[in-house]
Amino acid sequence: MSNNCNCNKIQPAVITPVLALGSVASPYFVQVQVAQRLCYPTCVDDSPVFNPRFSVKSVSQVAPTQYVATLHVEGIISYVQCHGGCGCTKQQPLSQDFTVPISQAGTAPVVTLTQGASVNAVASVGCQKCGRNFVSETPLTITVA
């Protein structure tokens with residue numbers, strides 16, 4: 001049985017794309033980190049399940065040779081609440097856009113992406129066994145043509 005998170009004040013996730021060292025031409029290798037505060041604490045040793053789906057939403061020109069690709073990430077973070085709770089799995093949806101800058105002369109770029117396997121974890125302070133700070137990292141290969 002699942003239980004949706006009904007937090008009224010869920011903060012947006014912090015999404016940070018980082019270009020890999022040595023990735024200087026298309027296809028680019030980018031590591032995308034998604035950091036999200038969970039509604040309820042969960043065990044640090046029991047990583048939440050999150051299988052995000054990334055997609056290209058749009059490409060916009062912002063200057064003569066500068067573009068911004070708007071990417072979208074969507075998925076459900078499933079986890080078990082610490083200290084018993086109701087004994088059921090909590091589910092917290094994540095659906096959010098983020099941008100990646102592109103520099104290209106000439107015609108507007110066509111952007112495609114391929115994603116790798118995500119790695120999920122819960123961060124805690126000190127020796128605490130429970131935490132609410134969820135982090136997921138997913139490698140993306142972004143092709144600009």
Side-chain angles (χ1 to χ4, degrees), residues 1-82 85 88-126 128-145:
M1 174 152 238
S2 65
N3 184 10
N4 289 332
C5 174
N6 291 322
C7 293
N8 293 329
K9 297 182 181 178
I10 296 176
Q11 296 296 314
V14 176
I15 302 173
T16 309
V18 178
L19 185 65
L21 291 175
S23 185
V24 295
S26 181
Y28 300 97
F29 177 68
V30 176
Q31 186 77 1
V32 178
Q33 183 184 77
V34 176
Q36 176 69 62
R37 183 158 173 83
L38 299 174
C39 290
Y40 305 98
T42 187
C43 294
V44 173
D45 293 336
D46 189 15
S47 293
V49 174
F50 180 57
N51 295 309
R53 291 176 310 280
F54 290 85
S55 60
V56 178
K57 191 170 182 181
S58 65
V59 178
S60 303
Q61 188 170 15
V62 294
T65 60
Q66 297 172 0
Y67 297 84
V68 172
T70 300
L71 305 183
H72 184 76
V73 60
E74 190 165 325
I76 301 288
I77 304 168
S78 297
Y79 61 99
V80 177
Q81 184 177 350
C82 259
C88 58
T89 301
K90 301 290 184 184
Q91 293 186 337
Q92 187 165 325
L94 191 146
S95 179
Q96 195 169 317
D97 295 341
F98 64 101
T99 59
V100 176
I102 299 169
S103 178
Q104 178 168 310
T107 61
V110 175
V111 179
T112 57
L113 60 88
T114 305
Q115 74 180 68
S118 298
V119 176
N120 304 319
V122 174
S124 69
V125 178
Q128 292 181 351
K129 295 184 184 215
C130 295
R132 292 177 71 174
N133 296 319
F134 170 71
V135 178
S136 179
E137 292 191 345
T138 305
L140 296 180
T141 302
I142 300 176
T143 304
V144 179

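The first residue in the sequence is number 1, and the count goes up from there.
- Closest approach of Thr65 and Ala105 over heavy atoms only: CG2-CA, 4.0 Å.
- Using a 4.5 Å heavy-atom cutoff, the side chains of Phe54 and Leu71 are not in contact.
- Between the side chain of Gln115 and the main chain of Pro52, a donor-acceptor pair closer than 3.5 Å is present.
- Tyr67 places none of its side-chain heavy atoms less than 4.5 Å from the side chain of Val144.
- One N or O on the side chain of Gln92 and one on the backbone of Arg37 form a donor-acceptor pair closer than 3.5 Å.
- At least one donor-acceptor pair closer than 3.5 Å links the side chain of Ser23 to the backbone N or O of Phe29.
- Under a 3.5 Å cut-off, the side chain of Tyr40 and the backbone N or O of Tyr79 do not form any donor-acceptor pair.
- The main-chain N or O of Pro93 is never found under 3.5 Å from a side-chain atom of Glu74 such that the two would form a donor-acceptor pair.
- Annotation: side chain of Val56 is not in contact with side chain of Thr112 (no heavy-atom distance under 4.5 Å).
- Residues Gln33 and Val135 form a side-chain contact, since some pair of their non-hydrogen atoms from C-beta on lies under 4.5 Å apart.
- A donor-acceptor pair under 3.5 Å links the side-chain atoms of Arg132 to the main chain of Cys39, judged by distance alone.
- Judged by distance alone, with hydrogens and angles left aside, the side-chain atoms of Thr89 form no donor-acceptor pair with the main-chain N or O of Ser78 at under 3.5 Å.
- With rounding to the nearest 0.5 angstrom, the CG atom of Leu140 is 11.5 Å from the CG atom of Leu19.
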